[in-house]
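Take a look at the structure set out below.
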Amino acid sequence: MLIRIEVSFRKKFLERAKKEGILPHAEIKEKLDEFGEIQKLEIDQKCCKILLETEEKEKEVLQTLEESIAEMSPQKDEIHISIAKYEPLSEIQQEIESLSGAAEFKELTRELVGIADRIKKMKLMKIYFAQNYLFAVNDGCGLSTYLKLLWCLLEALGLFEKGMGVTELKIEAPTSILDTAPLATCVNAIKNSKKGIVSIDISDWITHVTELRFKRLLRQINQWQDDYIFVFRVPFLERNILERVRKGLMDLMVVRQVSIVPFSQEDYKRYLDEQVCLYGFEMADDTWTVIDEKINEEKKDGYFYGFNTIQKIVNEVIYTKAKNCFLRDKDSKLIHAADIAEILPEQAGQFEKKGEEMLDELEGLEEVKKKVREIIALAENWKYCREHGKELEYPCMHMKFLGNPGTGKTSIARIVGKIFYEKGILKKGSFIEISGRELCGRYIGETAPKTMAVCRDAYGSVLFIDEAYALYQGEGEKNDYGKEALLTLMTEMENHRDNLIVIFAGYSEEIENMLEANPGMRDRIPHTVHFPNYSREELFSIFMKMVQKDFEYGKRFEAKAKSFFGKIPDKVYRDKKFGNVRMVRNLYERVWNNALTRQQFSTKKEWKVSEKDFEAAINDEEFRKYQE
């Protein structure tokens with residue numbers, strides 16, 4: 001018999017137990033080991049959850065636990081015990097209902113629980129196994145979890161025999177219109193799989209489900225319906241496209257559609273908060289700005305694996321906090337922004353400074369700063385009117401940042417979000433950066449949901465779309481998903497104009513061409529900020545500030561650097577691909593790397609760069625073009 005036991009401790013008991021050297025979790029486990037085998041054990045600071053397999057009755061286990069606890073604490077209100085017979089079905093239902101989102105999946109499981117007894121009573125198992133599913137769920141959004149829970153539920157309901165399980169497969173994309181090898185590989189994999197649920201990822205076959213070669217696969221699958229339930233998986237798509245795929249599968253099979261709406265930033269943050277609490281830590285209010293930035297950074301490269309990535313962030317946050325507690329000789333489990341700012345090394349300083357201060361510190365860009373302050377003033381004046389009883393329509397704040405690479409567009413956009421948040425105009429003030437083509441899906445019907453999900457994450461923040469012109473491929477491109485992304489963006493920019501600032505960034509000519517072909521979009525972007533190239537003198541000054549921050553140097557080093565920047569050829573300097581500050585940063589990194597490499601072979605250790613380190617850097621192929 002399985003017994004479910006939960007023991008919870010009040011804070012004052014835990015504080016006293018720590019002082020007296022009592023280990024309540026360990027003592028409870030030791031007592032329960034005498035009764036049988038512990039099947040499952042979950043421990044956090046305040047609670048201990050145990051699944052115990054034993055031949056004893058619940059009352060006897062409870063009595064022994066109470067006697068043990070009385071020795072640890074004479075005050076009965078400090079420790080609470082609950083014991084009940086383990087009901088697998090009830091436990092699985094609770095786990096499913098506790099999932100974030102997944103409304104259609106929950107609806108399906110409730111239906112299965114409701115009809116299970118009737119299926120068995122009327123001997124309709126063959127009919128039940130003829131039911132199959134089309135799951136529309138994005139990568140990293142829990143497909144494996146849903147499949148496992150579905151299998152556990154069916155097993156607890158007596159609809160699956162023990163020993164069955166879940167197999168996940170993917171049909172690779174065809175190399176030609178005649179290629180059937182991926183389908184044959186899928187068939188062989190099914191033959192070698194365990195009976196139960198077989199999930200088949202058909203994402204690369206969305207446009208091929210009506211073809212004869214795919215119908216042959218469905219005919220073979222149909223022969224195995226007595227032993228398998230098939231779950232076809234595609235990304236989260238538009239409803240009409242999803243319905244088209246389902247109808248393609250329905251020619252030979254009964255297929256039910258289940259859509260899993262992609263998780264929002266808030267869903268991920270709730271999960272992170274829960275996981276941090278399991279380790280006995282607590283997140284202070286000021287940490288969420290750092291966490292937002294960290295999640296956005298993880299999403300930026302296109303490789304975000306949902307809750308798996310969030311768990312990685314949890315591990316990083318807790319380790320960083322524990323390390324800093326050790327270094328500062330403080331024992332605190334309340335996590336503040338300052339404790340974990342180093343998980344974002346490139347942005348750590350921004351959490352300590354005000355946005356206006358960061359704007360002032362930027363080298364050059366005087367006209368840019370002036371324009372940005374005018375835009376901020378517009379929003380402030382609207383806020384002033386609202387606070388004094390004058391209701392004006394919220395002004396459209398979307399912008400386009402035009403200029404060459406490395407001219408400060410990203411830095412200014414990040415600061416804009418911070419200032420708007422500090423002035424109470426944006427609710428979050430986070431900075432979400434994405435390239436234009438990353439808004440586009442890989443499959444028909446994926447682009448609009450993907451773009452909407454990005455915008456949803458950016459509500460209350462700045463959405464910075466770099467190389468935005470990549471969304472427009474020209475009028476001749478009939479199947480270009482960029483147009484679909486632009487149309488979706490236009491809707492979101494209008495419907496959420498008071499809670500979202502979208503900034504389009506890129507080369508002037510290309511951005512203007514995109515807007516010329518999309519006049520509706522142009523009307524929604526009233527603010528233009530031009531970013532000129534930094535002057536040669538400004539580039540030199542930026543370089544020297546980077547050096548001064550970390551290294552010593554001599555006059556000859558400074559003279560060499562000044563000469564280099566002053567002599568950058570006009571042809572290179574005026575090229576629209578000129579790297580500006582990016583080039584400066586790359587050069588600086590090459591210089592200090594040369595210095596540290598040289599010092600490895602020297603007995604004299606010093607944090608100093610020399611003119612030889614600079615010469616070696618500019619003689620590299622990457623920097624030769626910047627010299628006459």
Side-chain angles (χ1 to χ4, degrees), residues 1-100 113 145 148-149 152-153 155-156 269-284 307 310-311 314-315 317-319 321-322 325 331-335:
M1 177 176 69
L2 286 173
I3 297 176
R4 189 178 184 276
I5 304 164
E6 185 169 333
V7 185
S8 54
F9 310 98
R10 297 193 68 171
K11 186 177 181 180
K12 60 181 181 180
F13 165 73
L14 291 170
E15 289 173 351
R16 191 174 68 254
K18 184 177 179 180
K19 290 179 182 177
E20 297 175 5
I22 299 172
L23 301 173
H25 302 84
E27 292 194 22
I28 289 170
K29 180 180 181 300
E30 188 176 339
K31 281 290 179 187
L32 292 177
D33 280 335
E34 298 173 7
F35 282 94
E37 184 179 350
I38 294 176
Q39 297 287 332
K40 189 176 181 182
L41 177 64
E42 295 179 12
I43 294 176
D44 62 40
Q45 188 181 27
K46 300 177 183 178
C47 187
C48 185
K49 297 178 182 179
I50 301 160
L51 192 60
L52 179 71
E53 186 170 359
T54 179
E55 296 179 0
E56 303 292 338
K57 294 181 179 179
E58 293 103 302
K59 288 184 178 180
E60 295 172 356
V61 176
L62 178 60
Q63 183 179 349
T64 303
L65 270 181
E66 286 177 338
E67 291 172 359
S68 176
I69 284 169
E71 296 175 7
M72 289 188 282
S73 172
Q75 299 181 34
K76 291 185 178 181
D77 65 332
E78 289 189 334
I79 302 175
H80 180 262
I81 309 170
S82 64
I83 292 183
K85 184 178 179 182
Y86 176 71
E87 300 289 348
L89 179 58
S90 175
E91 295 281 333
I92 294 165
Q93 285 180 281
Q94 287 181 32
E95 190 173 352
I96 291 172
E97 292 300 328
S98 68
L99 292 171
S100 295
V113 171
T145 298
K148 180 183 175 183
L149 287 172
C152 291
L153 181 70
E155 187 180 57
K269 285 158 65 178
R270 275 193 294 272
Y271 175 80
L272 184 144
D273 195 28
E274 291 168 2
Q275 294 303 304
V276 166
C277 287
L278 285 178
Y279 290 95
F281 289 82
E282 186 180 350
M283 303 289 283
F307 291 114
I310 299 300
Q311 187 61 56
V314 169
N315 298 341
V317 164
I318 292 176
Y319 181 84
K321 169 64 176 177
C325 281
D331 190 12
S332 168
K333 291 203 168 184
L334 181 61
I335 302 172

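Computed from heavy atoms alone, side chains included, the values below leave out hydrogens, waters and symmetry copies. Quick note: residue numbers are just sequence positions, from 1.
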Please give me the minimum heavy-atom distance between [X] and [Y], naming the atom from each residue.
X      : Y      : value
Ile92  : Leu149 : CG2-O, 4.1 Å
Cys325 : Ser332 : SG-O, 3.4 Å
Gln311 : Tyr271 : OE1-OH, 3.4 Å

[atom1] of [X] to [atom2] of [Y]: how many Å apart, nearest 0.5 Å?
X      : Y      : atom1 : atom2 : result
Ile335 : Tyr279 : CD1   : OH    : 12.0 Å
Gln275 : Cys277 : CD    : SG    : 9.5 Å
Gln94  : Leu89  : CD    : CG    : 10.0 Å
Met283 : Lys269 : CE    : NZ    : 9.5 Å

Next item on the list: Determine yes or no for a side-chain-to-main-chain donor-acceptor pair under 3.5 angstrom, with Lys321 supplying the side chain and Leu334 the backbone.
Entry: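 Yes.
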Just so I know, are the side chains of Glu282 and Val276 near enough to count as touching, which here means a heavy-atom distance under 4.5 Å?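 No, every pair of side-chain atoms sits at 4.5 Å or beyond.
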* Glu95 atom CD, neighbour heavy-atom count above 12 within 6.0 Å ->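 12 or below, so no.
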